[in-house]
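Some notes on the structure that comes next.
Side chains included, hydrogens not; waters and symmetry mates left out as well; all remaining heavy atoms used.
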Amino acid sequence: MNYLQFVRKNRVMVIFGIIMTALSSFGQTFLLAMYVPFLMEEFKLSNGLLSTFYGLATIGAAVALPKLGKLIDSVPLPRFTLATTATFVISLFFLSISQAWWYILIAFFGLRLAGQGLYNHIAITTMSRYFEENRGKAISLASLGHPLGQAVLPAIILIVIANIGWRESLWLNAALVSMVVTVFTLLVLKPEHLVSESGEVVVTDSDEKKVDRVRQRDIMKSKPFWLLAPNIFFIPFAVTGLFFYQFAIIDFKGWNIGLAAAGLTSYAVASFLSILLSGPLIDKYKAKTFFPFYLFPLMVALLIIWMIPNVWGIFVYNILMGFSVGFGSATVAALQVEFFGQTYIGTVRSLFTSIMVLSSAIGPALFGIFLDLGWGFQTIFPVILGIQVLIMVQSFRAVPKHSWAKWKYKYKKVTGKKRKSPNLRIGDRF
């Protein structure tokens with residue numbers, strides 16, 4: 001089944017996933033960063049202090065996510081979605097009426113919990129749960145909301161802020177989220193859509209109290225968890241920090257500030273294309289095969305933004321980073337199901353999502369503290385690269401043994417070396 005056939009058959013679920021990931025943008029760093037200058041000016045906050053508020057709120061959201069996120073295994077999807085939307089909208093409105101620094105802290109907590117955390121959690125968990133043979137395509141299509149939001153919303157938000165003010169723009173954000181999600185969830189998403197590819201109804205009201213729970217502490221003791229956790233931590237840590245201080249990076253490079261929007265667009269396009277590429281490949285070869293390799297473009301991107309002075313560097317940097325983030329988001333989402341199964345995927349994903357949100361708090365906080373201390377990006381970039389290399393090395397443990405055997409066989413065939421029949425046993429290291 002190709003993408004077109006899949007969308008025709010499952011258009012409601014695909015649209016639902018894209019809506020959730022696209023609207024999660026209002027709780028993500030690349031959009032919230034646009035409000036940073038206004039918050040700093042109005043409340044007289046430094047880089048370090050505001051990023052600390054942001055970090056504390058995000059850490060709080062990460063702590064709450066495992067408890068709240070696992071409820072998607074037992075609570076019907078529409079009810080869970082509407083409750084999350086209420087939290088999201090209230091947080092947007094609360095930020096718009098902020099009168100003191102503690103308003104910002106509370107609003108950031110709600111936005112990071114509902115937007116950055118639960119909206120993404122709902123979208124990808126839903127795709128992982130209801131699809132099996134076409135899981136890669138489902139996750140990839142739902143993930144398209146991320147580059148869609150990144151490509152469209154920043155320019156719109158800047159125009160809206162310039163014309164009506166930053167507080168009023170938040171009212172419009174809240175109205176958009178509440179209307180779109182509520183209408184779609186109540187009027188379009190029907191029980192007949194909430195069935196797996198095999199035709200099984202996954203969660204209903206009558207099932208709510210019958211779902212056995214798995215302990216997240218047991219998940220954390222497993223080998224797959226510690227294989228996945230460093231990768232899931234690193235990408236948000238690095239990328240969120242880079243986005244949060246994208247203007248500071250441009251100033252460090254001596255580039256025109258107008259390049260920020262163009263660079264973000266190139267990032268979104270690359271992410272979009274890599275997401276589409278990843279779906280069929282994951283369905284055909286499994287996510288384990290690609291796990292170590294999606295970080296290579298990001299490594300090259302960091303080298304470029306660190307060492308290349310030319311203006312074209314910002315576009316290559318964003319394109320390569322977008323490719324890693326796009327391909328990686330689908331890969332790690334599919335890996336969670338491959339390692340842990342579908343039954344408790346909400347519980348599993350809520351744990352990993354909390355790690356992702358936690359890492360997105362640590363990135364901007366550390367970047368802000370380093371910048372306030374006078375540590376420039378000339379020091380930050382090589383440190384990030386060193387951490388990434390270590391994570392990439394340990395990621396190769398996820399590649400199945402039969403994949404190593406195939407690659408070894410093909411290498412010998414290309415080089416003309418004498419070869420034996422490869423061991424093509426189906427299995428992996430866990």
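Here Phe6 and Phe131 bring their ring centres to under 6.0 angstrom of each other. The aromatic ring centroids of Phe53 and Trp101 lie less than 6.0 Å from each other.
When the side-chain contact (heavy atoms from CB on, under 4.5 Å) test is applied to Ser178, the partners found at least two apart in sequence or on another chain are Val89. With sequence neighbours left out, Ile161 forms a side-chain contact (heavy atoms from CB on, under 4.5 Å) with Tyr35, Phe38, Ile157, Trp166, Ser169.
Among all heavy-atom pairs drawn from Phe290 and Ile282, the shortest one is CE1-N, 4.3 Å.
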Let's go through Lys288 and Leu335 carefully: what are the C-alpha distance in whole Å and the side-chain angles of both, what is the deciding distance for side chain to side chain contact (heavy atoms under 4.5 Å, CB included) to 0.1 Å, and is it a yes or a no? CA-CA 6 Å; Lys288 295 174 185 176; Leu335 264 175; 3.3 Å; yes
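Using a 4.5 Å heavy-atom threshold, the side chains of Trp171 and Phe93 count as touching.
Residue pairs that meet the salt bridge (charged side-chain N to carboxylate O under 4.0 Å, His left out) test with at least one member in residues 307-318, sequence neighbours left out, do not exist here. Residue pairs satisfying the salt bridge (charged side-chain N to carboxylate O under 4.0 Å, His left out) criterion with at least one member in residues 161-180, sequence neighbours excluded, are listed as follows: Glu42-Arg167. Applying the ring-ring contact (aromatic ring centres under 6.0 Å, His included) definition to pairs two or more places apart or across chains, none involves residues 134-157. Sequence neighbours left out, the pairs with a member in residues 264-278 that pass side chain to side chain donor-acceptor pair (under 3.5 Å) are Ser140-Ser278.
In this pair, Phe16 and Phe184 present their aromatic rings parallel. The plane angle is below 30°, not in the 30 to 60° band.
Look at Asp283 and Lys137 and you find a salt bridge, because one of the NZ, NE, NH1 or NH2 atoms lies within 4.0 Å of a carboxylate O, short of that distance.
Checked options Thr85, Thr21, Thr84; the residue passing with Tyr119 is Thr85 (criterion: side chain to side chain donor-acceptor pair (under 3.5 Å)).
One finds the CG atom of Asn173 at 8.5 Å from the CZ atom of Phe88 (value rounded to the nearest 0.5 Å).
Few gaps surround CZ on Phe233; more than 12 heavy atoms of other groups in view lie less than 6.0 Å from it.
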